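The figures here come from the full heavy-atom set of this structure, side chains too, leaving out hydrogens, waters and symmetry mates. None of these values were measured; they are calculated from a predicted model.
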Amino acid sequence: PVQVPPASFIADAKAAESPLGRWLLEFASRPENRGALVHWQTLPARAARFGELQPPLAPALASALEARGITRLYTHQVCAVEALRAGRDTVVVTGTASGKSLCFHLPALEQLLEVPEATALYLFPTKALAQDQLKSLTRLAQAGVELSGVLNAGVYDGDTAATTRRKLREEANVILSNPDMLHAGILPQHARWARFLRNLKYVVVDEM
């Protein structure tokens with residue numbers, strides 16, 4: 001780290017007005033922490049930018065989103081959904097808590113509504129993320145009666161019981177896993193996964 005005087009930590013005078021800002025300033029001013037914090041900047045809020053999907057989402061999806069308090073999609077969500085609808089490989093890079101999950105949940109659920117035998121594979125770097133995303137996907141589906149009837153999702157990882165693994169292989173249309181399990185437990189058993197892999201529509205690599 002570059003050795004800088006504590007005063008230069010503050011790039012924006014408003015940064016020190018919050019409790020967190022005051023704590024950071026006090027922390028950075030301690031002799032033992034000198035040089036640990038080299039830049040501090042407060043970025044102003046930006047107005048949200050919304051878009052409209054063409055064609056719009058199926059009524060079942062739109063009503064499920066509305067039940068979750070979402071009435072409009074951000075422009076990056078619209079761009080991602082339209083690209084995926086068109087069959088294009090898509091990378092989404094936006095800030096934390098900007099709704100990236102909807103960028104893949106919506107196309108996956110949309111496909112399940114249109115083609116019941118379709119499947120999707122979600123890959124996450126950790127088991128905890130897979131569990132969190134399963135809850136997120138399930139909550140969205142359960143917000144709509146029609147959606148809850150088409151989604152059959154589950155986590156397939158090292159903690160999954162043998163009986164559950166078989167059930168997921170034979171019945172699930174959305175599998176949430178990780179790269180290690182994909183290479184060690186799924187692909188070597190590709191014959192058992194024939195139904196799932198044959199109908200695979202989307203592969204999601206989270207935290208790429």
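- Shown here for N173 and A153, the closest heavy-atom pair between the two residues is OD1-N, 4.3 Å.
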(Q) One pair to check against side chain to side chain contact (heavy atoms under 4.5 Å, CB included): L73 and L106. What are the steps and the verdict? (A) CA-CA 11 Å; L73 295 178; L106 294 180; 4.0 Å; yes

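- Linking ILVMFWY side-chain heavy atoms closer than 4.5 Å, directly or via other members, places L112 and Y202 in two distinct hydrophobic clusters.
- Other residues, nucleotides and ligands place no more than 12 heavy atoms under 6.0 Å from the CZ atom of R166.
- The two residues P179 and L123 have their closest heavy-atom pair at N-CD2, 4.4 Å.
- Counting only heavy atoms from C-beta outward, the side chains of R46 and P44 never approach each other to under 4.5 Å.
- Looking only at side-chain heavy atoms (C-beta outward), L121 and L197 stay at 4.5 Å or farther from each other.
- When side chains are defined from C-beta on, H190 does not count as touching I186, because their heavy atoms never get closer than 4.5 Å.
- When side chains are defined from C-beta on, E117 does not count as touching F196, because their heavy atoms never get closer than 4.5 Å.
- Here the side chains of I175 and W193 are in contact, with some heavy-atom distance below 4.5 Å.
- Taken together through direct or relayed side-chain contacts under 4.5 Å among Ile, Leu, Val, Met, Phe, Trp and Tyr, L168 and L200 form part of one hydrophobic cluster.
- Checking side-chain atoms of H183 against main-chain N and O of P188 turns up no donor-acceptor pair under 3.5 Å.
- Just one residue in the list D132, D180, D159 forms a salt bridge (charged side-chain N to carboxylate O under 4.0 Å, His left out) with K127, and that residue is D159.
- Taken to the nearest 0.5 Å, the CZ atom of F50 stands 9.0 Å off from the CD atom of Q77.
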Q. Passes side chain to side chain contact (heavy atoms under 4.5 Å, CB included), T75 versus V78? Steps please.
A. CA-CA 5 Å; T75 52; V78 170; 5.6 Å; no

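- Under 4.0 Å is where a charged nitrogen must lie from a carboxylate oxygen, and between E26 and R30 at least one such pair does.
- Distance alone, capped at 3.5 Å, is enough to place a donor-acceptor pair between the N33 side chain and the F27 backbone.
- To the nearest 0.5 Å, the span separating CG on L140 from CG on L151 amounts to 9.0 Å.
- The CG atom of N152 sits 6.0 Å away from atom CD of E171, with the distance rounded to the nearest 0.5 Å.
- Classification of the H105-Y122 ring pair by plane angle, with boundaries at 30° and 60°, yields parallel.
- The minimum heavy-atom distance linking K100 with G95 is given by the pair NZ-O, 2.9 Å.
- Taking CZ of R72 as the reference point, atom CG of L53 lies at 13.0 Å (rounded to 0.5 Å).
- By the criterion of side-chain heavy atoms lying less than 4.5 angstrom apart, applied directly or through intervening Ile, Leu, Val, Met, Phe, Trp or Tyr residues, V203 is not grouped with F104; the two fall into different hydrophobic clusters.
- Of all heavy-atom pairs between A64 and G144, the closest is CB-N, 4.0 Å.
- Considering all non-hydrogen atoms of both residues, P125 and D206 come closest at CD-O, 3.7 Å.
- Atoms CD and CG, from E114 and L109 in turn, are 11.5 Å apart once rounded to the nearest 0.5 Å.
- Environment of CD in E146: sparse, with no more than 12 heavy atoms of neighbouring residues, nucleotides or ligands closer than 6.0 Å.
- A salt bridge links E110 with R85; the closest basic N to acidic carboxylate O contact falls under 4.0 Å.
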Q.
Working note: L61 + L113, criterion side chain to side chain contact (heavy atoms under 4.5 Å, CB included); need CA distance, chi angles, decisive distance, verdict.
A. CA-CA 9 Å; L61 264 175; L113 285 169; 4.2 Å; yes

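- Within the 4.5 Å cutoff, no side-chain heavy atoms of V174 are placed close to those of T119.
- Side-chain atoms of T90 come within 3.5 Å of backbone N or O of R88 as a donor-acceptor pair.
- Heavy-atom neighbours of E66 CD from other residues, nucleotides or ligands within 6.0 Å: at or below the threshold of 12.
- Put simply, the side chain of L65 does not reach to within 4.5 Å of the side chain of T71, judged on heavy atoms.
- Within 6.0 Å of the CD atom in E52, the count of heavy atoms belonging to other residues, nucleotides or ligands does not exceed 12.
- Of the candidates D157, L176, N178, L134, L176 is the only one forming a side-chain contact (heavy atoms from CB on, under 4.5 Å) with F124.
- Using a 4.5 Å heavy-atom threshold, the side chains of Q131 and V155 count as touching.
- For the pair R49 and Y74, the cation-pi test (distance below 6.0 Å, angle within 45°) is failed.
- A side-chain donor-acceptor contact under 3.5 Å links R165 to the backbone of T160.
- Going from atom OG of S63 over to atom CZ of R68 covers 13.0 Å, rounded to the nearest 0.5 Å.
- Cluster annotation: V204 and V93 are assigned to distinct hydrophobic clusters (Ile/Leu/Val/Met/Phe/Trp/Tyr, side-chain heavy-atom contacts under 4.5 Å, transitive).
- L147 and A60 get closest at one heavy-atom pair: CD1-O, 3.9 Å.
- One hydrophobic cluster holds both V91 and V205 under the rule that ILVMFWY side chains link at heavy-atom gaps under 4.5 Å.
- Remark: the backbone N or O of R195 is paired with a side-chain donor or acceptor of N199 at under 3.5 angstrom.
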